[in-house]
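Structure first, commentary second.
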Amino acid sequence: MEFLESILVTPFIEIWESPYYFIELVLVGLSTGVLYSLVALGFVLIFKASGMFNFAQGAMVLFAALTLVGLMEHGLPLWAALILSVATMVGLAFLVERFMLRHLVNQEGLILFMATIGLNFILEGTGQLMWGSDVKRLEIGIPDQPFDILGGKVLLNTFDVTAAFIGALLVITLAVFFQKTPMGRALRAVADDHQAALSVGIPLKTIWIAVWTIAGIVALVAGIVWGAKSGVQFSLSLIALKALPVLILGGFTSVPGAIVGGLIIGVGEKVAEGFWGPALGGAIENWFAYMLALAFLVFRPQGLFGEKIIERV
Amino acid sequence: AKADEQFFPMLVYRTGAYAPSGIPVANGFRDYYTLLNKRDGGINGVTVTFEECETQYKTNLGVECYEKLKGNGPTGASLFNPYSTGITYQLIPKASVDKIPILSMGYGRTSAADGRVFEWVFNPPATYWSQASAVIKYFSRRAGGYDKLAGKKIVHLHHNSAYGKEANPTLEVLAKRYGFKLTLVPVDHPGQEQASQWRQIRRIKPDFIFMSGWGVMNQVAIKEAGNIRYPMDQFVGNWWSGSDADVVPAGDGAKGYLSTTFHGAGSDFGVHADIIKHIYGGDAAAAKENKVGEVLYNRGVVNAMFATEAVRTAQAKFGNKSLTGEQVRWGLENLNITQETLDKLGFKGMVSPLKITCEDHETMGPVIIQKWDGAKWSYASEWLTPMRDIVRPLVEADAAAYAKENNITPRNCN
Amino acid sequence: MAQAVEQKTEAAALTSPLVVNNIEVIYDHVILVLKGVSLEVPEGGIVALLGANGAGKTTTLKAISNLLGAERGEVTKGEILFRGERVDSLTPNELVKRGVIQVMEGRHCFEHLTVEDNLMTGSYTRRDGAAAVAESLEKVYHYFPRLKERRTSQAGYTSGGEQQMTAIGRALMANPNTILLDEPSMGLAPQLVEEIFEIVKALNEKEGVSILLAEQNTMIALKYADYGYILENGRVVMDGDAAGLRENPDVKEFYLGLAGEGRKSFRDVKHYRRRKRWL
Amino acid sequence: MFYREAGQFKTTYQDDQAVFPVLQDKAAVFLLILVAYAVPFVADEYWLQAIFIQFLVFALMAIGLNILMGYAGQVSLGTGAFAAVGAYACYKLTTNIEGMNIIVAILLSGGCAAAVGVVFGLPSLRIKGFYLAVATLAAQFFILWLFNKVGWFYNNNPSGTITAPPRELFGVLITGPSASPEARYIVCLTFLIVFAWFAKNLVRGRIGRNWMAIRDMDIAAEIIGIRPLQTKLLAFAISSFYCGVAGALMIFCWLGSAETEAFDLVNVSFRVLFMIIIGGLGSIGGSIMGAAFIILVPIFLTNFPPMVGLDISTALQKHLEEIIFGVMIVFFLIVEPEGFARLWQILREKLRKWPFPY
Amino acid sequence: MPDGPQTPTGRVIGDVIMKVENVSLSFGGVRALDNVSFDVREHEILAIIGPNGAGKSSMLNCINGFYHPQEGAITYKGKRRDTAKPYEAAEEGIARTFQNIALFKGMSTLDNIMTGRGLKMKRNLFWQALYYGPALKEELEHRAKAEEVIDFLEIEAIRKTPVGRLPYGLQKRVELGRALAAEPDLLLLDEPMAGMNHEEKEDMVRYILDVNDEYGTTIVLIEHDMSVVMDISDRVVVLDYGKKLAAGTPDEVKRNQDVIDAYLGVSHD
Ligand SMILES: Nc1ncnc2c1ncn2[C@@H]1O[C@H](COP(=O)(O)OP(=O)(O)OP(=O)(O)O)[C@@H](O)[C@H]1O
Ligand SMILES: Nc1ncnc2c1ncn2[C@@H]1O[C@H](COP(=O)(O)OP(=O)(O)OP(=O)(O)O)[C@@H](O)[C@H]1O
Ligand SMILES: [Mg+2]
Ligand SMILES: [Mg+2]
C-alpha cells in the first residue's frame with residue numbers, strides 16, 4: 001500500500017511542489033532527447049532506404065569519432081580532420097555497398113540485420129586497431145559553461161544547448177531533404193521491394209551509397225557531440241542501445257518520428273528517474289524508456305509515425 | 001635442463017568498453033615482471049614468465065582465460081589477478097578446487113577478507129567496505145570531527161552493479177552511527193547519461209559525494225558535477241574512479257577532483273627509475289607513452305610486486321624453484337612486506353607496509369586521498385586507517401553466511 | 001524444329017533488337033530451370049511466350065531484365081543480347097535507361113507508397129523534365145481511370161486488379177521501347193483484359209514499342225501477338241506465327257480448350273482426364 | 001556416390017515422417033551422440049570447462065530462441081532475461097528448499113521462465129517484427145534491473161551475486177565448484193540431447209506447424225483456424241522454458257556464480273540471436289551448428305596465432321579476431337543467407353546427385 | 001435430404017446456410033461494400049463476379065471474419081458471423097483460398113496441407129513432445145487424410161517441396177488442398193484460376209466440381225474467367241462499386257444489360 005502510494009501519488013505531489021526541478025528535468029530531457037534522435041536518425045535513414053535494421057550504427061558512431069580524434073592527434077587541424085573523416089565515411093559507404101549490400105539484394109530483413117552485425121564487428125575491430133582503445137579527449141570548441149535561467153532556479157549548460165541545436169538543425173535538414181526530393185520516393189520504394197525497385201530502374205547501388213554516406217555523416221556528428229561529452233572511447237558504440245526505444249516509438253521509417261520519439265524518450269526517462277527513481281531504487285531510466293515505448297506501441301503497433309503495417313489477404 | 005620458471009597468468013582487457021582502465025594495469029604488470037627478469041634475473045634466479053589473455057571485462061571470457069592459463073608453466077599458474085569483480089566471483093569457488101590462489105587487490109568479494117572461510121582468496125591492502133569507512137573518516141575530518149557529521153548530507157553515486165553497490169551496507173551502518181543523511185544514487189551501465197542523477201544531486205545539495213564508478217561513468221560524472229557547479233573538493237571517487245583516464249576527458253572541469261587510493265601516483269618512485277632504465281632504455285618519453293606512472297599503471301606494478309613477493313616468501317620455505325599455486329598460497333598467507341622491503345624494491349612512499357595473516361586476508365591497510373590538479377595527482381590527505389570495529393564484524397557475518405550456503409567449514413587459524 | 005529455331009536466331013540477330021540465345025538458368029546452384037531457350041523479339045513486334053505453370057516463362061523474362069540475381073538464380077549458358085549488348089553486363093537500371101522494362105508477375109507494387117507515387121517511381125530514370133513525366137502520368141490515368149480514383153490510396157490496400165493496373169502503369173511511366181509483360185491479364189476483369197491488350201496494341205502500333213508477353217490466357221495472347229513460342233519444362237517446344245499456332249490442333253486442345261467442334265463446357269471436364277505432353 | 005537412399009523404400013507414413021529418413025544420417029547422428037559422450041575421456045579441462053560446457057548451454061538457449069523466432073516468427077531480444085529468470089529461480093529453489101532434487105529444481109526454473117515469457121509475450125498479439133523486439137527488450141532491461149535491485153532474489157547477500165551450491169545426482173556432485181567438469185558436461189549434454197529431441201518432436205507435429213504458419217503468414221493462419229494468441233504464447237512459454245533451463249545450467253554447471261551482468265543484452269541475447277541466424281532460422285540442428293560457430297570461431301581465432309608461433313600483442317590479436325569474425329559472418333550470409341542448416345541441406349542434395357551435376 | 005431446385009447434374013440444392021443482409025463496409029472514404037444482401041444455399045456453387053475493386057474479396061473477408069462490416073448482418077448456420085473472429089469461422093467449417101496466394105512459404109506442400117487439419121488434431125503438448133505413442137498415431141491418421149487430398153489434387157510429386165519454390169499454378173492448387181484438408185462445409189475461393197492456362201483451369205474446375213459433388217461442400221467462388229463462371233456456377237451475384245448490381249442464374253446474369261456494361265464488355269456465351 002505504502003509502496004503503491006510512493007509510486008502513484010507521491011511523485012505527482014512532488015512535481016507539484018517542486019516545479020523548477022521538474023522544468024529542469026524536462027529541459028535536460030529535451031536536450032538529451034535531441035541527441036538520441038540524432039543517433040536514431042542514422043537507423044531511420046538506412047532502414048528507409050533498404051529495409052535494413054543497421055545494427056552497426058553504434059559502431060559507425062564510434063568509428064567516425066575515433067577517426068576524427070585519431071587524425072587530430074596526428075596533428076591535423078580540426079577542419080582537415082573533419083574533411084578526412086567525412087571522406088572516410090564515404091569510402092565506408094562504397095565498401096559496404098560493394099562487398100555487402102550488393103550481394104544481399106532481396107534478402108529478408110533478419111538476414112540483412114545479421115550482416116550489419118558482421119559489419120559491426122569489422123568496424124569495432126578496425127576502429128580500435130587503427131586508433132587504439134584508449135579514451136581520447138575531443139575538444140571542438142563548443143563552450144561548456146553552466147548558466148542560469150528563470151532567476152537562477154534552473155541551471156542549463158551551453159554545451160547541451162549548442163549540441164541540441166546542432167542536432168535539431170541536422171535532423172530538420174534531413175527531414176526536408178527526404179520529404180521533398182524524388183530520392184525520398186525512390187528510397188521508400190527500395191525499402192518496400194528490392195526486386196521491383198530494380199525492375200523499374202531504380203539504381204540500388206547509387207541509392208545505397210548515398211544513404212550510407214549520409215548515415216555515416218550523421219554518425220560522425222553524433223560521435224562528435226557524445227564524444228565531446230564523455231571522451232571518445234568504445235562506450236560510444238553503446239549509445240545505439242539508447243536509440244532503439246526512440247526508433248521504435250517514432251517508427252522505423254519516419255524522420256519526424258525519430259525527432260519526436262527522441263524528445264518523448266528523453267523527457268520521459270529523465271522525469272521518471274527524477275521523480276519515480278528514488279521510490280523504485282533508482283537506475284530505472286533504461287527499462288523505463290523501453291516500457292514507455294512499449295506502452296505507445298500497444299496503441300500504435302507501427303510506432304507514432306511509422307508506416308502502417310499492411311495486413312491484407 | 002631448463003631453468004626454473006614461475007608462471008604468472010594475466011587476465012587483461014586491452015579492448016572493449018573498459019580498455020582505458022585495462023591497458024595501464026596490464027602495462028604495469030608486464031613492465032614489473034619484465035623488470036624482475038632484466039634487473040634481478042627473476043625471483044631468486046627463477047625466471048618470471050607470463051601470458052596475457054584478453055577478457056574484455058566479460059565474465060564468460062574471463063572463465064575461458066582462466067581455464068586456458070591455469071595449467072601453463074611447469075607448475076601451473078602461480079595466482080590469478082582477475083581485475084574484474086564479476087570474474088573474481090566466478091573464480092572464487094574454482095580456486096579452492098584447482099588450488100590456485102586469487103589475489104584481488106582492492107576489488108572482488110569483500111568478505112573474502114575472512115581467511116578462515118576463503119582460504120584461497122586474498123584482497124589486500126583494503127576492501128570496498130574498509131575504503132568506505134576511510135572515506136567517511138576523511139569526510140569527518142573535513143567537517144571538523146565525527147560529531148560534525150550529524151545532519152550532513154552525503155550522496156553515494158554508484159554504478160548499478162554488484163561492484164557499485166558493495167559499499168552501500170557499510171555506508172548505511174556508518175550513517176546510522178554518525179547520524180549523517182545518506183542518499184544512494186545508482187547509475188545504470190554504461191553511465192553515459194547522468195543528467196537526471198545530477199539534477200537529483202543538485203536538489204539534495206549534499207555536503208559530500210562519494211562515487212563508486214567505473215569506465216565512462218566516471219568521466220561523465222566529473223563533467224556533470226561541473227555542469228551543476230558542484231565544488232570538486234567535496235566530490236571523492238573510490239580508487240576505481242580516480243585514474244588518469246577518468247579525469248583527462250573532462251578537461252579543466254576535473255581540476256580539484258578527489259579520489260581515494262592506496263598507492264602513490266606519478267613516476268617519481270624508485271621502481272619507475274628502474275623501469276625506465278631497464279625496459280625503456282632510459283627513454284622517459286617512450287615510458288610515458290606506455291602510461292608509466294599513471295594511477296592504474298602503478299596499481300599494476302604494485303599488484304605485480306605483491307604477487308612476486310608472495311612467491312619470494314614461499315621460496316623461503318619451499319626453495320628457489322618453480323612453485324605450485326598451493327605453495328604460492330602459503331606465501332601469500334605469510335606475506336609480510338615491511339618498510340625495509342619496500343625501500344629496497346623502490347616503493348618507498350608509494351605503498352604502505354602490509355602483513356597478511358591466516359585470519360585476515362585484507363590487512364585493512366591505510367587509504368589516502370589524492371587530488372587531480374589538471375596535470376597530475378598528488379596526495380591531499382594523510383593516510384587514513386579504515387574502521388576495523390565496524391567493518392570486520394560485517395565481513396565475518398557475510399563470510400559465515402557464504403560458508404553456510406556452500407557447506408564450507410571455516411578452518412581454525414589458531 | 002530446334003534446328004529451325006537456331007537458324008532463325010542467327011538470321012534475326014542482325015535485325016531483332018532482343019535476342020535470347022540458348023540460355024540455361026540455374027536457381028540456388030542446383031535447380032536447373034531453363035534448358036536452352038532461344039527466342040527473339042523483332043523491332044515493333046508483339047511476341048507471346050506461352051506455356052504451362054512452371055514452364056519457365058517468368059524465369060526467361062527475369063533473365064532478360066537481369067533480375068535473376070536477386071533470386072539466387074544465374075544464367076549459366078548462352079547469351080542475351082539487347083541491340084548487340086549483352087544484358088548481363090548491364091545493370092537493371094541501365095537496361096531501363098535503354099528502354100527495356102519489365103512488369104513483374106504478381107504485381108510487386110510498393111505497398112506503402114500511394115498509387116500515384118508508385119507510378120512516379122516508374123519515371124525515375126527519365127531525364128526529359130517534369131512536364132513530360134506529368135504528361136505520361138495523364139496518359140496512364142487515361143488508360144486506367146480507376147487508378148485516378150484511387151491515386152492517394154496506399155497501393156497495399158488496393159484490390160488485386162488495381163494493383164495489376166498500377167504495375168503496368170508504372171512500367172509505362174518509364175517511356176519504354178521494349179516491355180516485358182508477365183501475365184498482365186491475371187486477376188483482371190474480362191473487359192479490362194481486353195482493354196489492356198488494346199492498350200498494348202496501341203502502344204505497339206502508335207509508339208512502336210516491342211513487347212514480349214508471357215501469358216496463360218492463350219486465346220487472347222495469340223489474338224494480339226504476331227509470333228508465339230511455347231515453352232514446356234524449360235525448353236521451347238514449338239514456335240511460329242500467331243495465326244499458325246492458333247490453328248495447330250495440339251495448341252487448340254491444350255491451350256485453347258477448343259476440341260474439334262468448338263468450345264467445350266467446363267462442366268464436362270469432370271468426366272475425363274487427360275495429360276499429354278510433348279517431349 | 002555412397003550417400004544414396006537407393007534401396008531404402010518407405011512403405012509407411014511413419015517411416016516417411018522420421019527425423020532422418022536416410023539411413024546414413026541416422027547412423028551419423030548416433031555416432032555423433034556417442035562421440036559426444038566420449039568427449040570427457042579425451043578432452044582436457046580447458047576444452048570441457050570453458051568451451052564445451054559453454055557450447056552446450058548456449059546451444060540449448062539457441063534452440064529455445066529458434067523455437068520462438070525461427071519457428072513461430074516472433075523476434076525476441078529477451079533471451080538473456082529469460083535465462084536469468086531460470087538461473088535466479090534455480091538459485092532460490094536450491095538454497096531455500098532443503099533437499100530439492102537438482103534436476104527438479106532446474107525444470108521448475110524453466111517453468112518460472114516460461115511464466116515470465118508468457119507475460120512478456122502478451123504484446124505479441126498486436127506488435128510485430130522488429131517492433132516486437134522492444135517488448136522483449138523491455139523484459140530484458142526490467143528483469144535484470146529487478147534482480148539487481150531486489151535483495152530477495154539473491155538472498156540479500158551484500159555482493160548481489162548468486163553462487164551455485166553443490167548438489168548431487170545419484171551420489172555424484174554435478175553442480176558447484178567441486179563437481180568435476182566431466183560430470184557437469186554429461187549433465188549439460190544430456191539436457192541438450194533430450195531437449196533437442198523434444199524440440200524436434202514439437203516442431204514436426206501440429207504445434208510446430210501452427211507456429212510456422214503464424215510465422216509465414218499470420219493472417220492466413222488465423223483464417224484457417226489457428227488461434228494467434230494461444231499459439232504465440234505457447235511459443236513464448238516453451239522458448240522461455242528452454243532459455244530458463246539453459247540459464248540455470250549456465251550458473252550451476254558452467255559459471256558457478258554470477259551477477260545479473262552475466263545475462264546482459266550483448267553477451268547473451270544478441271549472441272544467441274547471432275547463433276540462430278548463422279545456424280539457420282527454423283532448424284534445430286542449425287541452432288546447434290550456429291552455437292558451435294559463434295563460440296568456437298573466436299576461440300579458434302584467438303588461439304591460432306600462437307599455435308603457428310606468431311607472437312602478436314593481445315589487443316592486436318583481439319582486433320584482428322573481431323575483424324575476421326565479422327568478415328566471416330558477412331561472407332557466410334552472402335554464400336548462404338539461410339544459414340548452416342541450408343548449406344548442409346544443399347550439400348546433401350549435391351552429394352545425393354554426385355557425381356552427376358544436376 | 002431437403003427438397004430444392006435440381007441442378008442440371010442432378011445435385012440437390014439445400015436450404016440457405018448463410019445469409020448476408022445489408023452489409024456495408026468502408027475504409028476511410030472508400031466504400032468497399034454498400035448494402036449488399038444475398039444468401040448461400042447448401043451444396044450450391046455461388047459465383048461472385050464484378051469489376052476490379054468492386055468489393056468481392058472484401059465480401060469474403062467479411063464472411064470469414066477478417067473484416068467486420070460496419071452495418072448489416074451475416075448469419076451462418078443460424079449464428080451471427082459478422083462480429084466473430086477468423087479462427088472461429090474455421091472452427092465452424094468455413095475454409096478459403098486467397099487471391100494473392102497466402103501459403104506458408106517456409107513449409108513443404110505436405111506441411112501446408114497438414115496445417116489445414118490442425119483443428120481436428122487434439123493431442124496436447126506433452127504427447128507431442130514425446131512424439132511416439134498417441135501423438136504419432138494421431139499424426140499418422142491425419143497424414144493419411146492429407147495424402148487423400150494430395151492424391152485428389154494430383155500433387156504427389158511435390159509433397160516435400162517447399163511451396164515457395166513452386167510455380168504459381170501449383171501453389172494455387174496447394175492452397176486449395178489446405179482448405180480442403182479442413183473438410184469444410186463452406187468453401188470460399190478467391191480467383192482460384194487466375195494465372196492458369198486452359199488445361200490447368202480444366203483441372204481446377206474438375207477439383208471444384210468433385211468436391212462439390214462428392215462431399216456436398218458449398219462453394220462461393222470469385223472468378224474473372226466468365227466461361228468458367230457461367231459453366232459451373234448455380235447462381236451468380238454481381239457486385240459493382242460495392243453495390244449488388246444483379247443476381248440470378250448464369251443465364252439471367254449474362255443477359256443483364258447493366259452487367260454487360262459494367263463488367264462483361266461483350267456478352268459471353
Ligand atoms: N527462386 C527460385 N528458386 C528455385 N526455383 C525456382 C525459383 N523460381 C522459380 N523456380 C522454379 O523454376 C521453374 C520455372 O518457374 P517460372 O516461375 O519461370 O515458371 P512460369 O512459366 O513463369 O510459371 P507460372 O505460369 O506459374 O508463372 C518452376 O519449376 C519453379 O519451381
Ligand atoms: N484494408 C483496406 N483498406 C483500405 N481499402 C481497402 C481495404 N481492403 C479493400 N480496400 C478497397 O476496397 C475496394 C474493394 O476491394 P476488393 O479487394 O474487395 O476488390 P475485388 O472486388 O476483390 O477486386 P479484384 O477483382 O481486383 O480483386 C478496393 O477499392 C480496395 O482498394
Ligand atoms: Mg510466371
Ligand atoms: Mg479481389
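Proteins come first, then strands; the chains are lettered A, B, ... in the order of their sequence lines, and each starts at number 1. Keep in mind that the numbers below use all heavy atoms, side chains included, and drop hydrogens, waters and symmetry copies.
- Contact detail for D:T163 and B:P93: the closest heavy-atom pair is CG2-CG, 4.4 Å.
- For B:Q56, the part lying under 4.5 angstrom from a heavy atom of chain D is the side chain only.
- D:Y154 touches chain B through its side chain: at least one heavy atom from C-beta onward sits under 4.5 Å away, while N, CA, C and O do not.
- Of the atoms belonging to D:N303, it is side-chain heavy atoms, and not backbone ones, that fall under 4.5 Å from chain B.
- Contact annotation: the side chain of D:S257 never approaches that of B:I92 to less than 4.5 Å [non-hydrogen atoms, C-beta and beyond].
- Proximity to chain D (any heavy atom under 4.5 Å) is restricted, for B:D398, to the side chain, taken from C-beta onward.
- Both the backbone and the side chain of D:W254 have a heavy atom closer than 4.5 Å to some heavy atom of chain B.
- Proximity to chain D among residues 57-73 of chain B is limited to B:Y57, B:K58, B:T59, B:N60, B:L61, B:V63, B:E64, B:E67, B:K68, B:K70, judged by heavy-atom separations below 4.5 angstrom.
- By a heavy-atom distance cut of under 4.5 Å, B:V12, B:R14, B:T15 are the residues of residues 9-17 of chain B near chain D, going up by number.
- Looking at D:E259, its side chain does come within 3.5 Å of a backbone N or O of B:A162 through a donor-acceptor pair.
- Taking the side chain as every heavy atom from C-beta outward, B:Y89 and D:L255 never approach each other to under 4.5 Å.
- Judged as a salt bridge (Lys or Arg N to Asp or Glu O under 4.0 Å), not a single pair has a partner in residues 16-28 of chain B (not counting sequence neighbours).
- No side-chain heavy atom of B:N407 sits less than 4.5 Å from a side-chain heavy atom of D:P165.
- Of the two parts of D:Y91, only the side chain, counted from C-beta on, holds a non-hydrogen atom closer than 4.5 Å to a non-hydrogen atom of chain B.
- Neither the backbone nor the side chain of D:Q317 comes within contact range of chain B; no heavy atom of the residue lies under 4.5 Å from a heavy atom of that chain.
- For B:D114, the salt bridge (charged side-chain N to carboxylate O under 4.0 Å, His left out) partners two or more places apart in sequence, or in a different chain, are B:R116, B:R392.
- Residues B:E52 and D:S313 form no side-chain contact, since every pair of their non-hydrogen atoms from C-beta on lies 4.5 Å or further apart.
- Side chains of B:Q90 and D:T161 form no contact here, defined as non-hydrogen atoms less than 4.5 Å apart.
- Between B:N160 and D:N148, the closest heavy-atom pair is O-ND2, 2.8 Å.
- Residue B:N168: no heavy atom, backbone or side chain, is found under 4.5 Å from chain D.
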